[in-house]
Structures are given as structure tokens and as C-alpha cells.
Amino acid sequence: MDINPQPQQRYKVMQPEWSSHAVIYQVNTRQFSKEGNFEGVRKGLTHIKSLGADIVWLMPIHPIGEQNRKGELGSPYAVKDYLGINPEFGSEQDFRALVDEAHRLSLKVIIDWVPNHSAWDNPLASEHPEWYAKDYKGDFRPSPWWDWSDIIEFDFEQIGLRKYMINALCYWVEKFDIDGFRCDVAGYVPNDFWQQAVSTLNAIRPVFMLAEWENRDLHEHAFNMTYAWSWNETLHELAHGRCSLDRLRKYYSWNERSWPQSAYRMTFVSNHDKNAWDGTQHEQFGEALDACIALSVIGEGMPLIHNGQEAGENKRLAFFERDPIEWQDHETGDLYRELIALKKSKGVLGNGEFGARMTQVPNSKMDKVFSFVRHNEHEKVFVIINFSQEAVNVTFEEPLFEGEYCYWKGSATCKFSSQTTLELGPWQFDIWVA
């Protein structure tokens, strides 16, 4: 039997050089500023840039359906017109000014795209009812099992729908010069559609694609980045003492062995869904918050900042009403700035194949302490995190961690060896750089 056992490269998405150390920032236009519009976001771009962010993700900017609307203003994910702009946010000229200013600051702009469903009163429902999924009675249906009564689902077996969606995506790239899309519930849409859409978009120019989903196959032909939902869920359980530290190790084992290194995973402690339905970053992570933020930035993955985290994110933002963020200087913002500056200063802390893999450093408190290095022949970053409520004294094993380091902040130095004992307070993290 003639067998060709040569490895096949299934994952064709090439990551752009500009994304090597990129950080993404999510904007809820309705809540970002007192104005609640594009102009308010445009004026805040220098602030976003100052954090070290590179990609600005705008939640849906389209008109919102009125039929079966939730709340006074409705969910931005109930899209009434895929080619329109929500007048609540401004005009086409206002949006173009926002994008132009972002590009002047060397920021990329991606917009939220909601392909799985539309508002009930989207004209497509009357013009092309055949494009929609039906329930057992033959009626339009929301997504099964979810309380999404303000939307109805599409049927992506329909070729006409696919053509419409691809043309609509191209419209925003061609007319407004945006840089890509964050795709809502991307796994509810067939993967072959994404391949068709991205192939068409890339013929215009390369786009950056983020999938709200966690599936490695999305990286084959379409998506640069997927959500690290399981990372977030693991950190949440750890913070509340509901799982062992080995669950986090299992995540990184899965990430390393089952996913292509070229795939970006988005690591986050908050986003619009988590904030609205599960609580603020403090409610979700308590005293473990800083450690989780540190791991999101310094570990493998591209970190996300949800707007308002840097101001302390002291409330759950209303999802269907106006509820502006209460801006203030806050230590969480300082922490993000410092960690991101470190990330950008070290090649080994790059995203995907631009950076180095995390290599576990065994320690004497494996049930409480998570320790690893990211290194190459020129650089080494040694990270130690106490994921427990107890102070610990910890030593380390195997030679990889040994050497002379500088503390990531300040001028302290340390020579680590097998004889070194490190004292860590509850939920404390240390980062050492060689």
C-alpha cells in the first residue's frame, strides 16, 4: 500500500506582523462616554492607546429592532439593518471620523458582526422569509433553548443569504476602511461560510477576524482569534475555590497540544456578557483579580480589556438602557498599563508563534502555586502565581528557572537556584525578567 505520511498544514490563517504583541480593547459605544455616541468614542481613543491597546472592538453599530425589543433601547445584537448605522450613535460621517482617528493613532478597528440572527423587523424577514430558520410550526424562531426572544435565526443553507452576508461584510471594509470583525456566536454559523466570507474579504485586503467561539477548526481558513472561554471559566472557579489548580494546567496542556500555535486565544477576565450577567470583575474574581489579569497579559493568549475595567469596573452595565461608565483613575488601569508595557518589551511574550510557549516550572506547592517560564536564547520571563488564600513559602525544581533576574517593577534582583525559597502572600503574583 502506497502511504504518504507527510504532515499536512491545515491551518492557513497567517497572522499579521502588527499583531505580534497586540492587545484588544472592547468598546460599548452606548456606555463608553457621557455622549454615548461615536464622537464620545473618538475622543477616548487616546486613552485607549495609552493603555497599550492595538485593536478597538466596537460592539454592534447597526440600527436595533423595535419588534419584541428588550428594555428601552434594545440589545445591539438584534440587528435591524446590516448596512445601516444606529442613529443613537451618530452618522456615517461620525463613524468614518472615528475610524480615521483610530488609524491616525495606529489603532485597528473591528466591528461586531451578528450573522446568526436578526431582529424580527429586519426587512429581510419580509423580503426573504426563506432565509430564516423555522420551528416545528413553520414560524420564525429565536435560537433554541436561549432567552433570545428579540431575534430570529437565519438558515445558512440558503445561498442567497450567504451572498447577502458576504456582500454586507465587504461593504463595511470597502466603504469605511475597517480592519475586521468580531463575529457573534460564530460557531452557530457553518465554518464553510466563514471560509467563503474571509476569502472574499481578503481579496479586498487582509482582515483580522475574532470568533466568539472556542473551536480550533475556525482557525483553519477564517479566524485569527477565538475566545478562551474555558480559560476564563477555570480562573473563575479557581478564584472561588471550586476547582484544583490542575484544571488550569489541563487548559494549558490542551492549548499547547490540541490547538495550533498560530491560533490566537483571547484571554479575558471581563467582557460585555460577563459584566452584564455574571458581575463586575471584582464580583467574579475577588482577591484573585490582579493575579488573573497578570496571567491574561503575560501568559499565552491575546489579552482583552473590557471598557471600564481600567476604571475599576464598579458596576454591571445595563444591557438594554443607557448606563455610562463612571470613569476614574484606578489601580487596575495602572496594572494593565504596566503589564502591557512589559509584554510589548519582550519578544517571548508575543502572541501565538511570535512569542514563546509557556513551560511549567515544578514547585514545592503544586496545589497552590502556578509557575512557568517563557524563554528563548536571549530572554527569559519567570512567572510565579499563588492561586490560594494562604501565604506560602515555595521552592522550585528542574534547572530551567535558574539564573539571575530583575523584578519586573523596580530595581530588585534575585539569583534563583534550587536553594531559593520565595515567600508569596495570598493571591500574590511575581514576575522576574532575565
Side-chain angles (χ1 to χ4, degrees), residues 15-25 48-55 106-108 208 210 224-228 231-232 235 248-249 251-253 255-256 259-269 289-305 309-310 332-361 369-385 387 396 400-410 412-414 416 428-434:
Q15 302 290 8
E17 287 282 344
W18 63 260
S19 69
S20 68
H21 288 68
V23 172
I24 184 167
Y25 185 97
I48 294 171
K49 180 74 174 180
S50 76
L51 292 167
D54 304 274
I55 304 170
S106 298
L107 292 166
K108 306 295 183 181
F208 189 90
L210 165 61
N224 302 83
M225 185 157 68
T226 49
Y227 272 50
W231 182 94
N232 175 273
L235 269 293
L248 183 60
R249 297 187 179 100
Y251 166 82
Y252 283 109
S253 175
N255 183 63
E256 179 173 337
W259 290 67
Q261 191 174 1
S262 60
Y264 291 169
R265 313 294 306 286
M266 189 174 75
T267 47
F268 56 93
V269 297
L289 176 61
D290 286 358
C292 295
I293 288 174
L295 186 57
S296 78
V297 177
I298 303 303
E300 291 181 42
M302 184 188 293
L304 166 75
I305 303 173
Q309 276 190 264
E310 71 272 35
T332 298
D334 297 335
L335 178 62
Y336 266 116
R337 284 188 179 88
E338 292 164 345
L339 288 166
I340 292 169
L342 175 62
K343 175 183 176 69
K344 291 177 179 290
S345 73
K346 298 296 175 185
V348 293
L349 299 182
N351 301 320
E353 291 179 315
F354 292 106
R357 283 288 191 193
M358 294 163 56
T359 302
Q360 179 169 242
V361 174
V369 175
F370 187 72
S371 49
F372 64 91
V373 296
R374 298 183 72 180
H375 73 107
N376 59 26
E377 61 272 25
H378 305 295
E379 298 175 331
K380 186 185 294 184
V381 178
F382 182 24
V383 181
I384 311 105
I385 306 175
F387 277 112
F396 305 95
L400 183 59
F401 75 95
E402 294 179 347
E404 295 186 2
Y405 293 83
C406 295
Y407 192 62
W408 75 293
K409 292 197 298 184
T413 61
C414 183
F416 279 94
Q428 181 181 333
F429 71 90
D430 273 6
I431 304 173
W432 297 87
V433 179

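Everything numeric in this text was worked out from a predicted model, so none of it was measured.
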Step by step, would you call L107 with Y25 a side-chain contact (heavy atoms from CB on, under 4.5 Å)? CA-CA 10 Å; L107 292 166; Y25 185 97; over 6 Å; no
For [X] versus [Y], what's the shortest heavy-atom pair and its separation?
| X | Y | answer |
| --- | --- | --- |
| D290 | F429 | O-CE2, 3.8 Å |
| R337 | S50 | NH2-OG, 3.2 Å |
| R249 | V369 | NH2-O, 3.0 Å |
| A228 | T267 | CB-CG2, 4.3 Å |

Which value, rounded to the nearest 0.5 Å, describes the distance between [X] atom [atom1] and [Y] atom [atom2]?
| X | Y | atom1 | atom2 | value |
| --- | --- | --- | --- | --- |
| N224 | S262 | CG | OG | 9.5 Å |
| M302 | S20 | CE | OG | 9.0 Å |
| E310 | I48 | CD | CD1 | 8.0 Å |
| L210 | I55 | CG | CD1 | 8.0 Å |
| L339 | D334 | CG | CG | 11.0 Å |
| F268 | L235 | CZ | CG | 10.0 Å |

Less than 4.5 Å apart, any side-chain heavy atom of [X] and any of [Y]?
| X | Y | result |
| --- | --- | --- |
| S345 | H21 | no |
| E300 | F372 | no |
| V23 | L51 | no |
| V269 | L289 | yes |
| M358 | E256 | no |
| N255 | R357 | yes |
| I298 | W408 | no |
| R265 | W231 | no |

Who are the ring pair (Phe, Tyr, Trp, His ring centres under 6.0 Å) partners of [X], not counting sequence neighbours?
| X | value |
| --- | --- |
| F401 | F382, F396 |
| F387 | none |
| Y336 | none |

Among residues at least two apart in sequence or on other chains, which ones pass side-chain hydrogen bond (donor to acceptor under 3.5 Å, both in side chains) with D54? K344
Out of I385, L342, V297, which one pairs with I431 under the side chain to side chain contact (heavy atoms under 4.5 Å, CB included) rule? L342
For L400, is there any backbone N or O sitting under 3.5 Å from a side-chain donor or acceptor partner on K380? yes
Distance-only, no hydrogens or angles: does the R374 side chain make a donor-acceptor pair with backbone N or O of A356 under 3.5 Å? yes
S19 meets the side-chain contact (heavy atoms from CB on, under 4.5 Å) criterion, sequence neighbours left out, with Q15, P16, A22, F208, Y264, F354
For D430, side-chain contact (heavy atoms from CB on, under 4.5 Å) partners two or more places apart: I384, Y407, L422, L424, Q428, W432
Ignoring hydrogens and geometry beyond distance, is a side-chain donor-acceptor pair present between K346 and N376 at under 3.5 Å? no
